[in-house]
Amino acid sequence: MSGDHFQNENQVDCGSRVNDSHKHRDKHKEHKLKDHKKDKERDKSKHSNNDYKDSSDKKHREKEKIRHKDGSADKHKEKRKEEKIKDGKIKKEKENGFGSMHVKSEPEDLYHAPKHEKSLKRERDDDDVEFKSKKIKTEDDKKAKKRKHEDVKVKPKGKVKKEVADGKKKAKKEPEEKWKWWEEERATDGSKWKFLEHKGPVFAPPYEPLPSRVKFYYDGKQMKLSPEAEEVATFFAKMLDHEYTTKDIFRKNFFKDWRKEMNSEEKSKITDLNKCDFNEMAEFFKAQSEARKSKTKEEKLKLKEENERLLQEYGFCIMDNHRERIANFRIEPPGLFRGRGDHPKMGMLKRRIRPKDIIINCSKDSKHPEPPPGTKWKEVRHDNKVTWLVSWTENIQGSIKYIMLNPSSRIKGEKDWQKYETARRLKKCVDRIRNQYRDDWKSKEMRIRQRAVALYFIDKLALRAGNEKEEGETADTVGCCSLRVEHIKLSPEKDGQEFVVEFDFLGKDSIRYYNQVPVEKRVFKNLQLFMENKEPDDDLFDRLNTTVLNKHLQELMEGLTAKVFRTYNASITLQQQLKQLTNSEDNIPAKILSYNRANRAVAILCNHQRAAPKTFEKSMQNLQTKIDAKKDQLSDAKRELKSAKADAKVRRDEKTKKSVETKKKAVERIEEQLMKLEVQATDREENKQIALGTSKLNYLDPRISVAWCKKWGVPVEKIYNKTQREKFAWALDMAEEDYEF
DNA sequence: CTAGTGACTTAGTACTTTATAC
DNA sequence: GTATAAAGTACTAAGTCACTAG
């Protein structure tokens with residue numbers, strides 16, 4: 001199934017983050033059709049209306065938002081409490097990880113390796129909804145029993161090995177075997193943990209005022225700033241070299257927020273950002289970072305040790321008897337917001353987070369983290385239906401930020417595993433779904449046709465779902481459901497192909513998606529229909545949004561959402577490409593090249609791009625020089641071999657014979673080195689603007705890669721670095737060479 | 001149905017460390 | 001050893017998607 005269906009026509013054609021070339025958006029902003037969606041009867045003549053609506057509404061909305069922010073905490077609290085009471089035992093099947101994983105009709109032998117029996121069993125157990133309520137208890141008991149017997153398990157802590165055995169506490173910390181959580185039972189009651197203890201977050205270091213010799217000038221005259229204003233000024237000064245600081249919006253937002261931090265005197269004096277001279281500050285910070293770089297070994301070591309201490313103290317938590325690594329235990333320091341693309345809020349002040357902004361989440365029976373002396377947490381709660389340890393509300397978008405666990409943790413790993421299992425279930429019914437949406441292209445109902453065409457794009461092109469976004473709050477980017485007429489161009493015939501759709505839009509992170517795709521005639525006709533009588537900035541799928549789409553998908557397969565298609569298509573593409581590209585006679589570097597190429601095919605499909613490294617051209621040249629040198633060396637070696645051979649023919653003694661052998665070896669070695677370099681060059685060239693990391697980390701079922709490594713004798717370290725191996729420990733442990741996605 | 005919220009995954013870039021070349 | 005490049009890590013923004021209240 002599938003494979004060829006997805007030949008990806010997608011050329012990563014120069015896709016660049018588009019800042020200026022995609023301005024086209026701005027001019028339409030004013031009448032974006034958010035509201036259009038509501039009216040099924042779209043009224044074309046309303047533009048002036050919308051204009052009016054938007055400008056007045058925006059302000060209103062902003063005010064609204066501010067109010068919400070203030071009230072939200074309490075509202076939230078109340079809601080939580082209620083929930084807890086109700087939630088006690090009731091919501092069982094809904095949230096439980098693999099519970100929803102398997103479709104009933106699934107064939108028994110999903111896994112081929114016998115080793116998996118255990119986990120397979122568990123999945124099936126969970127799967128059986130009927131039995132669940134009866135089972136929960138016994139399962140939980142079993143688990144509880146099991147866990148009671150376990151001591152706190154701790155991961156090896158790297159270099160810190162000195163304090164092994166002194167005192168009980170330390171003894172407990174002794175590294176044990178890696179915990180194989182994937183061989184254990186999973187909670188079935190929707191709780192994410194039973195016990196959680198941690199030390200709370202690490203706050204950003206307090207502001208250190210500048211030394212008095214570092215001056216700020218306004219309008220050519222020196223001016224002493226209050227600490228509050230100075231701090232914000234330094235944020236700007238630190239970015240002076242950055243392109244951001246030349247952008248109008250950035251400057252405007254910065255200046256507005258900066259003025260809020262000024263005292264009245266400063267406020268009255270400093271009225272024009274262009275008259276501000278931050279250069280001395282900027283110089284100071286440059287010098288400071290230079291100094292940091294040129295520190296002596298001892299100083300650097302000291303810093304490193306301090307860091308390690310912090311990590312050991314705050315970087316781990318205890319969750320259900322295991323010591324687990326926290327991902328981001330440091331609170332984001334204050335600074336200027338750097339949005340990506342044309343972000344309307346770039347340059348705004350991201351304010352400092354204080355203890356009173358922080359909500360702590362941990363178990364009731366744990367030792368709660370202490371706020372810094374003289375401060376209080378906003379709240380300490382005990383919600384085991386969520387995975388986060390700490391949260392706070394950020395002031396730019398008003399969204400919540402979290403401190404959560406590392407990808408190597410059980411809680412993240414289980415979820416990740418589950419994600420790939422859902423994708424594999426899709427594999428089993430994707431044909432059916434494809435047939436269905438093809439049928440739906442003919443539907444009488446517009447909304448069904450739109451849904452079907454959108455789904456086709458999501459499937460074929462691995463587009464993201466495309467939620468609606470609040471206008472003016474974020475950069476103007478789109479996904480499938482939010483595509484606008486202006487983002488596609490139809491050509492009945494182009495470059496010798498029929499029915500070509502040309503996509504050109506900014507996706508997540510304002511990365512440009514550009515692709516020319518020949519589509520089926522029906523799709524083409526439908527698109528023409530959808531575009532009829534619409535303005536460029538009207539929604540292409542005006543009867544569709546992600547909620548509707550996902551509701552539909554849910555009906556087609558339990559747990560199916562738009563993003564599952566991305567996961568599925570990415571993983572299946574990798575598997576196929578590996579099959580296709582791997583050459584059994586190749587040596588290891590060549591096999592790795594094949595792997596990278598397969599990986600790259602996926603990255604292209606998913607449009608994972610990166611800025612070409614600044615030093616790209618130069619490093620490419622260097623490599624070429626090396627290759628040339630190696631070639632010379634090779635021909636020399638060959639020449640020598642030849643003469644040695646000739647020599648041997650004449651002389652026929654042991655010594656010359658031996659010399660031939662050595663020369664032969666030398667040639668072989670050099671050939672291999674050359675080949676390695678050439679492979680490297682190809683790989684790098686092809687990788688110029690493509691980022692492999694994202695797909696490797698988020699879309700490719702790691703068991704495919706592990707199986708491939710085992711099959712071809714490639715050390716898994718060549719594919720996954722240490723961090724990645726930790727994240728995918730479950731896959732390394734369970735995938736055998738015959739694993740099939 | 002819609003708007004808003006919350007939790008969690010996915011994303012590219014900036015910075016830091018390590019490996020390799022000289 | 002030092003300089004440079006590559007690899008790895010930290011950071012945090014920007015998505016997805018479920019759920020709830022009105």
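Values below: every heavy atom of this structure, side chains too, minus hydrogens, waters and symmetry copies. Only a predicted model underlies this, so the values are computations on that prediction, with no experimental measurement involved. Below, read A as the first sequence line, B as the second, and so on, with proteins coming before strands; counting in each chain starts at 1.
- Residue A:E468 contributes atom CD, which lies 11 Å from atom P of C:dT16 at whole-angstrom precision.
- Side chain of A:T422 to main chain of A:Q418: a donor-acceptor pair is present (N/O by atom type, distance under 3.5 Å, no hydrogens or angles).
- Distance alone, capped at 3.5 Å, places no donor-acceptor pair between the A:N607 side chain and the A:L463 backbone.
- Atom C1' of nucleotide B:dG12 and atom CZ of A:R512 are separated by 18 Å, given to the nearest angstrom.
- Here A:E473 pairs with A:K345 in a salt bridge; the nearest charged N to carboxylate O distance falls below 4.0 Å.
- Proximity of a side-chain donor or acceptor of A:W193 to a complementary backbone N or O of A:V386 within less than 3.5 Å is detected.
- Without hydrogens or angle criteria, A:N384 side chain to A:K192 main chain gives no donor-acceptor distance under 3.5 Å.
- Using a 4.0 Å heavy-atom cutoff across all strands shown, A:A475 reaches no nucleic acid atom at all.
- Side chain of A:R566 to backbone of A:A462: a donor-acceptor contact under 3.5 angstrom is found.
- Rounded to an integer number of Å, the gap from A:R610 CZ to C:dA13 P is 23 Å.
- Place A:S391 and A:H242 on DNA chain B by their nearest nucleotides, and A:S391 ends up nearer the 5' end.
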(request) At under 4.0 Å between heavy atoms, which parts of nucleotides 1-11 of chain C does protein reach? Answer with one letter per nucleotide, 5' to 3': B base, S sugar-phosphate only, - none. (result) ----SS-SS-S
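- If you check every strand for non-hydrogen atoms under 4.0 Å, A:T387 touches sugar and phosphate atoms only.
- Distance alone, capped at 3.5 Å, is enough to place a donor-acceptor pair between the A:Q554 side chain and the A:G559 backbone.
- Ring geometry, A:Y513 versus A:F503: the interplanar angle exceeds 60°, so the pair is classed perpendicular (tilted spans 30 to 60°).
- The distance from atom OH of A:Y402 to atom P of B:dT5 is 12 Å, rounded to the nearest whole Å.
- The shortest distance between the side-chain N/O atoms of A:T546 and the OP1/OP2 oxygens of C:dT16 is not below 4.0 Å.
- Contact annotation for A:N467: base contact, defined as any heavy-atom pair under 4.0 Å involving a base atom.
- Close to C:dA13, at under 4.0 Å from its OP1 or OP2, lies no side-chain N or O of A:K345.
- Checked against B:dC8, C:dC17, C:dA13, the side chain of A:A465 finds its nearest nucleotide in C:dC17.
- Both tests do not hold together for A:K350 against A:F337: distance to the six-membered ring centre under 6.0 Å, angle to the ring axis within 45°.
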Would you tabulate the nitrogen or oxygen pairs shorter than 3.5 Å linking the protein to nucleotides 9-11 of chain B?
residue	atom	partner	partner atom	Å
B:dT9	OP2	A:K412	NZ	2.4
B:dT9	O3'	A:K563	NZ	3.3
B:dT10	OP1	A:K563	NZ	3.1
B:dT10	OP2	A:K419	NZ	2.8
B:dT10	O3'	A:Y699	OH	3.1
B:dT10	O2	A:K508	NZ	2.7
B:dA11	OP1	A:R464	NE	3.4
B:dA11	OP1	A:R464	NH2	2.8
B:dA11	OP1	A:R566	NH2	2.7
B:dA11	OP1	A:Y699	OH	2.9
B:dA11	OP2	A:H608	NE2	3.1
B:dA11	OP2	A:Y699	OH	3.1
B:dA11	O4'	A:K508	NZ	3.4

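- Using a 3.5 Å distance cut-off with no hydrogens or angles, the side chains of A:D459 and A:N569 do pair a donor with an acceptor.
- The separation between A:E394 atom CD and B:dA7 atom P is 15 Å, rounded to whole Å.
- Between A:D383 atom CG and B:dC8 atom C1' there is a gap of 14 Å when expressed in whole angstrom units.
- Within residues 285-292 of chain A, no residue places a heavy atom under 4.0 Å from DNA chain C.
- The distance between atom CD1 of A:I690 and atom P of B:dT13, rounded to the nearest whole Å, is 14 Å.
- What separates CG of A:L544 from P of B:dT2 is a distance of 12 Å, to the nearest Å.
- In this structure, A:G507 reaches the sugar-phosphate backbone alone: every heavy-atom distance under 4.0 Å involves primed, P, OP1 or OP2 atoms, never a base.
- One N or O on the side chain of A:N361 and one on the backbone of A:W388 form a donor-acceptor pair closer than 3.5 Å.
- Phosphate contact (OP1/OP2 of B:dT16, side-chain N/O of A:K293, threshold under 4.0 Å): absent.
- Residue A:K350 places at least one side-chain N or O under 4.0 Å from the OP1 or OP2 atom of C:dA13.
- Ring geometry for A:H242 against A:Y244 counts as parallel: the plane angle stays under 30°, on a 0 to 90° scale with 60° as the upper cut.
- Using a 4.0 Å heavy-atom cutoff across all strands shown, A:T477 reaches sugar-phosphate atoms only and no base atom.
- Within the 4.0 angstrom heavy-atom criterion, no nucleotide atom of any strand lies near A:G693.
- Applying the side chain to side chain contact (heavy atoms under 4.5 Å, CB included) test between A:E726 and each of A:S409, A:S408, A:P407 identifies A:S408 as the sole match.
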